[in-house]
Amino acid sequence: TMLKAQTAKDDLIQNTKFGGYVIGQAKATTSDDATAKADFGIRLVRLYVDTKIGDFAMKLQVQANGNTSGVNGPRIVDAWAEWQRWKELRVKAGQFKRPFTFENPMHPWLLGRGAYSQLADRLAGFNDRTGEHASNGRDIGLQLQGDLFPVGSDGHRFFHYQGGVFNGQGINFADKNTRKDIIGGLWVAPVKELQIGVFGWTGNRVVNDSLTLERRRYSVVINYNANWTARAEFAVDNANGGADAFYAIVGTPLWHRSRLFLHYDLYREGKSSGGAHAIYGLSAQHMPHPNLMLQANYGFNVDKTKADERYHAVDLQLYWRF
């Protein structure tokens, strides 16, 4: 009885962790449309609190940098609680990453290049093609997710699912109609290092009383993560004139705390060559410490929507976390 009482007490101990990360950036471009040909800035400053009580995990994360003119300035990006009693079924509520695309939930540290793909940026709610305010791929909603069917000698889970209902208006905004966005995805992992998945999204964003923009999107992905890494994803939006996107990235094994990545990134507004923006990229990163990373990125851009459609872009980013 005493042992059971002690176990129950231990289960209710609150475990809390404070942390954050900063990404500084120096960048330059030959594009005539750029606000500045060369620039120094802070790409991201994030501060977070993770806590767990019994079967419940909670997170609060704020973005501290940006302008102070509203939703693009300092703001809450994550504020959620999740019941995690079982790996097979977890329930999350609050403000968090939309379960659309494989790349969207990835931490910027793990992308392998200096920014999210145009696919995630335009179709997962960072700078959404519907004109939604910058929402970092997040919205307010309720989600179920889980991992099923342990397989192999390592016991990894073969099947992952996630799906939920969301407001459709992005972070820190209440819904403007009674219709909710339905977003979800699933993938299978034949081996621990390989995932093959699909995602879907149906919903809308209310612009004003007379204008509502639809979202009818899906994506497919294959991801491999071992000594070599490789990821490729294709996505389509069939609403509002349509758009499609594709990216692929390959990373070398770690060598003296350094890695190289080759990547290709394409977004086509209207699903046409006239609305295409392609980026051919190379990234190199070095990690002198697990909490410190230096990354150099180069991209050759072919943007059919600009008068000077061919231009170069380079940036140097310093990541550190605590």
(Q) Grouping I, L, V, M, F, W and Y whenever their side-chain heavy atoms are under 4.5 Å apart, do Leu89 and Phe158 come out in a common cluster? (A) yes
Q: Could you tell me whether Leu148 atom CG has more than 12 heavy atoms of other residues or ligands within 6.0 Å of it?
A: yes
Q. Judged by modelled atom types alone, do Arg259 and Thr229 share a side-chain donor-acceptor pair under 3.5 Å?
A. yes
Q: Under the salt bridge (charged side-chain N to carboxylate O under 4.0 Å, His left out) rule, collect the residues that match up with Lys37, sequence neighbours excluded.
A: Asp32
Q.
Regarding Lys304 and Glu269, does a basic nitrogen lie under 4.0 Å from an acidic carboxylate oxygen?
A. no
Q.
Is it the case that over 12 heavy atoms from other parts of the model lie below 6.0 angstrom from the NZ atom of Lys192?
A. no
(Q) Is the positively charged end of Lys59 above the ring of Tyr48, judged by distance under 6.0 angstrom from the centroid and angle within 45° of the axis? (A) yes
Q: State which residues pass side-chain hydrogen bond (donor to acceptor under 3.5 Å, both in side chains) with Ser117; sequence neighbours excluded, sorted by chain then number.
A: Glu103
Q.
Test of understanding: clusters of I, L, V, M, F, W, Y form through side-chain heavy atoms closer than 4.5 Å, transitively. Do Trp201 and Phe96 belong to the same one?
A. yes
Q. In terms of hydrophobic clustering (I, L, V, M, F, W, Y; side-chain heavy atoms under 4.5 Å; direct or indirect links), are Val62 and Phe173 co-clustered?
A. no
(Q) Whether Arg113 engages the ring of Tyr247 as a cation-pi pair (distance to the six-membered ring centre under 6.0 angstrom, angle to the ring normal within 45°) should be assessed. (A) yes
Q: Keeping to residues at least two apart or across chains, list the ring pair (Phe, Tyr, Trp, His ring centres under 6.0 Å) pairs with something in residues 293-322.
A: Trp109-Tyr319, Tyr298-His312, Phe300-His312, Trp320-Phe322
Q.
Could you check whether Arg46 and Gln63, counting side-chain N and O atoms only, form a donor-acceptor pair closer than 3.5 Å?
A. yes
